[in-house]
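A short write-up of the structure that comes next.
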Amino acid sequence: MGVTVLLPYQIPEGKTGAQAIDYLTKRLLALGAIHTGQFLVDCETYISTPQHGPAKTVHVLHDSEYPASTFSILDNGAGKQIPLVADNLFDLLMLKMTTVYTSKKQTKIESKGARFEYGDFLIKLGSVTMQENFKGILIEIEYRPCVVLSFCWEMIRETLQGFLGMPIAKEYPAYFSQQIMNPMGQQQIHPKQNDLYEPIDTINQYLECFTNYRKQNVLPVASNVGVGAGAGGVAVTTQNAAAGMQGGNQRMRM
């Protein structure tokens, strides 16, 4: 396991999700990436029943990279999130707690698709669906030899530029500069780019993106080429990106 960055991908105007995935897949294969199977990340949300006090939310997530684990994030309703990593018996526990927590089946969401290995990088192209409705595309990129983002962000950024054929902002993705509550009850910025990266960080990025997709009524469409802020990462557009493919190929040679 290394450092992972998750990128919400804005689909070019006039293109479908399937066409965008096909375009990205062809770019990766042309650059020498190797298709190594499929992946799946899913999220189901449970809400506490009213008779048990203030509303609390439990998000239960699974990642095919960690088949023996179940990830849970409890939102206490006061802005604090408590992460938990357990084995798969946790899913059975949630089924036993139906009198306390009710599943919001209509908001179950997942990202699934192909995974590729490219040198020291693992790249995943995820199609996000909720109730079989397509919501968008997430790109997951992991640099496996490193566990601190500040040490390898430039390498990740350069790889993304070569892959996508466009500039990527130098600033760290939003997830790695979070606001936290200090012991004095004050909000402050916590620079996570200097922390040791853990699997729960990947899960937190997925939860942020899934939450944003759930709030969307329509699929975002890119109007031009650029890089913008996105939950858990950087939103990227690819209209006319093919024009930069040659330059990207040169940057990606290792």
Side-chain angles (χ1 to χ4, degrees), residues 1-9 20-41 61-69 71 85 111-127 137-177 191-206 208-209 227 230-236 238 241-242 244-254:
M1 186 211 76
V3 174
T4 296
V5 173
L6 198 62
L7 303 126
Y9 177 88
I21 289 286
D22 183 61
Y23 166 78
L24 295 171
T25 298
K26 289 178 178 178
R27 279 192 65 91
L28 279 173
L29 294 176
L31 292 169
I34 301 172
H35 180 217
T36 56
Q38 304 293 309
F39 81 98
L40 171 66
V41 179
L61 297 97
H62 305 91
D63 187 336
S64 57
E65 291 295 315
Y66 309 99
S69 299
F71 299 89
V85 183
S111 176
K112 62 181 178 181
R115 65 196 298 279
F116 302 85
E117 292 184 3
Y118 180 63
D120 289 329
F121 291 90
L122 177 62
I123 301 174
K124 301 175 185 176
L125 305 179
S127 178
I137 294 173
L138 287 174
I139 299 175
E140 178 186 331
I141 180 168
E142 177 185 349
Y143 182 62
R144 291 179 286 189
C146 184
V147 291
V148 179
L149 179 71
S150 60
F151 295 163
C152 60
W153 169 238
E154 283 302 315
M155 294 188 65
I156 294 175
R157 192 172 71 87
E158 287 295 322
T159 300
L160 285 169
Q161 289 183 151
F163 162 37
L164 297 170
M166 64 178 60
I168 298 295
K170 292 184 178 181
E171 292 77 17
Y172 294 117
Y175 172 76
F176 295 90
S177 297
K192 289 181 66 65
Q193 68 266 17
N194 297 317
D195 291 349
L196 292 179
Y197 193 89
E198 299 178 353
I200 193 66
D201 290 309
T202 301
I203 296 301
N204 277 325
Q205 290 184 72
Y206 268 104
E208 285 187 5
C209 291
V227 179
V234 244
V236 291
T238 60
M245 187 171 183
Q246 184 63 35
N249 289 345
Q250 295 298 323
R251 285 192 296 270
M252 290 284 284
R253 299 300 180 192
M254 314 229 355

Could you state the interatomic distance from CZ (Phe116) to OG1 (Thr25), rounded to the nearest 0.5 Å? 4.0 Å
How long is the straight-line distance from CZ of Arg157 back to CD of Glu171, given to the nearest 0.5 Å? 9.0 Å
Closest approach of Ala114 and His35, non-hydrogen atoms and distance? CB-NE2, 3.6 Å
Can you check whether Lys192 reaches Leu149 side chain to side chain, under 4.5 Å on heavy atoms? no
Drop me the distance from Arg144's CZ to Leu122's CG, to the nearest 0.5 angstrom. 5.5 Å
Quick check: closest heavy atoms across Ser111 and Gly126, and the distance to 0.1 Å? OG-CA, 3.4 Å
Under a 4.5 Å cut-off applied to non-hydrogen side-chain atoms, are Gln161 and Glu158 in contact? yes
So do the side chains of Val148 and Leu196 get within less than 4.5 Å of each other, counting heavy atoms only? yes
For Ile141, give me all partners under side-chain contact (heavy atoms from CB on, under 4.5 Å), at least two apart in sequence or on another chain. Val5, Leu7, Phe121, Ile123, Ile156, Thr159, Leu160
Mind listing the closest non-hydrogen atom pair of Leu6 and Glu140 along with its distance? CD1-CB, 3.7 Å
Any side-chain heavy-atom pair of Ile203 and Val85 under 4.5 Å: no
First locate atom OG1 of Thr202, then atom CD of Glu142, and finally report the distance between them rounded to the nearest 0.5 Å. 7.0 Å
Leu138 vs Tyr206 side-chain heavy atoms within contact, under 4.5 Å: yes
Tell me whether the rings of Tyr172 and Trp153 are parallel (<30°), tilted (30 to 60°) or perpendicular (>60°). tilted
Heavy-atom pair with the smallest gap, counting every atom of Lys112 and Leu40: CB-CD1, 3.7 Å
Between Glu208 and Gln205, do the side chains contain an N or O donor and an N or O acceptor separated by less than 3.5 Å? no
For Asp201 and Tyr175, what are the C-alpha separation, side-chain angles and deciding distance, and is it a side chain to side chain contact (heavy atoms under 4.5 Å, CB included)? CA-CA 9 Å; Asp201 290 309; Tyr175 172 76; 2.7 Å; yes
Going by heavy atoms in the side chains, are Tyr9 and Leu125 under 4.5 Å from each other? no
Tyr197 side, atom OH; Tyr143 side, atom OH - distance, nearest 0.5 Å: 15.5 Å
Tell me, do Tyr118 and Leu28 make a side-chain contact under 4.5 Å, heavy atoms counted? no
Point-to-point distance, once rounded to the nearest 0.5 Å, from CG of Asp120 to SG of Cys152: 10.5 Å
Within the structure provided, determine whether Val41 and Ser64 are in side-chain contact (heavy-atom separation under 4.5 Å). no
Could you work out, with side-chain contact (heavy atoms from CB on, under 4.5 Å) as the rule, every residue matching Thr36, not counting sequence neighbours? Ile34, Arg115, Glu117
Mind checking what makes salt bridge (charged side-chain N to carboxylate O under 4.0 Å, His left out) contact with Asp63, not counting sequence neighbours? none
